[in-house]
Amino acid sequence: MNQTPPYVIAAPEAASLPVRGTDSRFPVHRIYCVGRNYAAHAVEMGHDPDKEPPFFFQKSPTCLVTDGAPVPYPTMTEDFHHEIELVVALSKGGSDIPVESALDHVFGYGVCLDMTRRDLQAVAKKASRPWSTSKSFDGAAPCGEIVPVSEIGHPDRGAVWLDVNGTRRQEGTLEQMIWKIPEVINTLSQLFALRPGDLIMTGTPAGVGSLVRGDDLHGHVDGVGDLKLSVV
């Protein structure tokens, strides 16, 4: 009889997110992020969106912060930015997933923030280095509950916005995505063998900006829900 061998140290707790309408949780395997998937954001970051295919980076699942939990202001930065996004949660994986069947792999959707050490990202870009220190750190992925497709379908239109201390900072619509969700899944699955439990952050609209300790954030995606948290 096969038995799991003992670990030499305590195994880390698996990352997970709450699922609306149930006591069960969604186990998180990996977090992929789509870069510059809204034209206006690409422009504000100094890029031409008409010339770029989708590109991706990753965050560690340990970066997750659940809805309502405080987000610590990270070390080694003086320019801590918010980026509100729709996140896709996969129930099935695969490679070379066709666009036509890509949505069959989706369990549900949520509201998330791609938190960024913007000054460290600028240094990495200038030196042609990876973005890990600017994108994958403790508290870098606040995320609300996952809402099943069986409850809301597949959102492809509606507002995406973020308020900071009651003032609107970011505002866009899902229709403004350059690469739609089926196209994102198709392209990503050509680069990686996707797995159940993978999350995909789908990009942010224009208006990203700096945060300070004490800021209260309220993010929203129409048809999906809200995300509220504070920077401490």
Side-chain angles (χ1 to χ4, degrees), residues 12-22 24-38 54-69 71 82-95 97 102-116 131-132 134-156 160 162 174 177 179-205 217 219-221 223-229:
E13 183 179 351
S16 66
L17 291 169
V19 177
R20 182 183 294 176
T22 177
S24 299
R25 297 181 68 86
F26 183 87
V28 177
H29 180 243
R30 291 174 294 199
I31 304 174
Y32 296 102
C33 307
V34 187
R36 296 192 290 266
N37 199 27
Y38 285 72
F55 73 95
F56 304 91
F57 57 92
Q58 291 191 37
K59 292 178 181 279
S60 168
T62 60
C63 298
L64 286 170
V65 177
T66 55
D67 186 23
V71 173
H82 56 76
E83 300 187 21
I84 186 68
E85 309 199 4
L86 172 72
V87 67
V88 180
L90 298 185
S91 57
K92 295 193 298 182
S95 299
I97 298 170
L103 294 181
D104 296 340
H105 292 68
V106 178
F107 172 82
Y109 298 88
V111 184
C112 68
L113 281 160
D114 169 13
M115 309 302 278
T116 305
W131 290 7
S132 297
S134 65
K135 289 288 191 177
S136 188
F137 53 88
D138 293 342
C143 192
E145 62 185 0
I146 300 300
V147 189
V149 168
S150 58
E151 183 174 333
I152 60 170
H154 297 283
D156 59 3
V160 180
L162 178 75
L174 295 177
M177 283 188 191
W179 301 95
K180 309 305 182 186
I181 292 169
E183 297 170 319
V184 168
I185 293 173
N186 167 257
T187 303
L188 189 58
S189 72
Q190 296 176 51
L191 296 166
F192 303 94
L194 298 181
R195 303 285 182 86
D198 286 345
L199 297 180
I200 306 172
M201 294 185 176
T202 56
T204 194
L217 284 68
H220 173 86
V221 177
V224 180
D226 297 84
L227 174 63
K228 296 180 179 180
L229 51 91

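Sequential numbering from 1 along the given sequence is applied to the chain's residues. A quick note: this is a predicted structure, and the numbers were derived from the prediction, not measured.
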Which atom names give the shortest non-hydrogen contact between [X] and [Y], and what distance separates them?
| X | Y | result |
| --- | --- | --- |
| Asn37 | Gly203 | CB-CA, 4.1 Å |
| Tyr109 | Gly153 | CE1-O, 3.5 Å |
| Phe137 | Cys63 | O-SG, 3.2 Å |
| Ile84 | Cys112 | CD1-O, 3.4 Å |
| Thr202 | Val88 | CG2-CG2, 3.7 Å |
| Ser189 | Leu194 | CB-CD1, 3.8 Å |

Using only atom types and a distance under 3.5 Å, with no angle test, would you say the side chain of [X] pairs donor to acceptor with the backbone of [Y]?
| X | Y | value |
| --- | --- | --- |
| Arg36 | Phe55 | no |
| Asp198 | Arg30 | yes |
| Ser136 | Ser60 | yes |
| Lys59 | Asp114 | no |

[atom2] on [Y] to [atom1] on [X], rounded to 0.5 Å:
| X | Y | atom1 | atom2 | result |
| --- | --- | --- | --- | --- |
| Met115 | Glu83 | CE | CD | 9.0 Å |
| Leu113 | Cys143 | CG | SG | 9.0 Å |
| Ile97 | Lys92 | CD1 | NZ | 8.5 Å |
| Glu183 | Leu188 | CD | CG | 13.5 Å |
| Asn186 | Trp179 | CG | CH2 | 10.0 Å |

- May I ask you to check whether over 12 heavy atoms, not counting those of Lys180, lie within 6.0 Å of atom NZ?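 Count over threshold, so yes.
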- Item | Verdict with reasoning, Tyr32 to Met201, per side-chain contact (heavy atoms from CB on, under 4.5 Å) | CA-CA 6 Å; Tyr32 296 102; Met201 294 185 176; over 6 Å; no
- Within a strict 4.5 Å, meaning less than it, do heavy atoms of the Asp67 and Lys228 side chains meet?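 A side-chain contact under 4.5 Å exists here.
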- Given ring-ring contact (aromatic ring centres under 6.0 Å, His included), test Phe192 with Phe56 step by step and report yes or no. CA-CA 11 Å; Phe192 303 94; Phe56 304 91; 7.6 Å; no
- Message: Among Asp156, Ile200, Leu86, which residue satisfies the side chain to side chain contact (heavy atoms under 4.5 Å, CB included) criterion with Ile181?
- Response: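 Exactly one option meets the side chain to side chain contact (heavy atoms under 4.5 Å, CB included) with Ile181, and it is Leu86.
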- Query: Which word best sums up how the rings of Trp131 and Phe57 line up, parallel for under 30°, tilted for 30 to 60°, or perpendicular for over 60°?
  - Reply: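 Geometry flag for Phe57 against Trp131: tilted rings.
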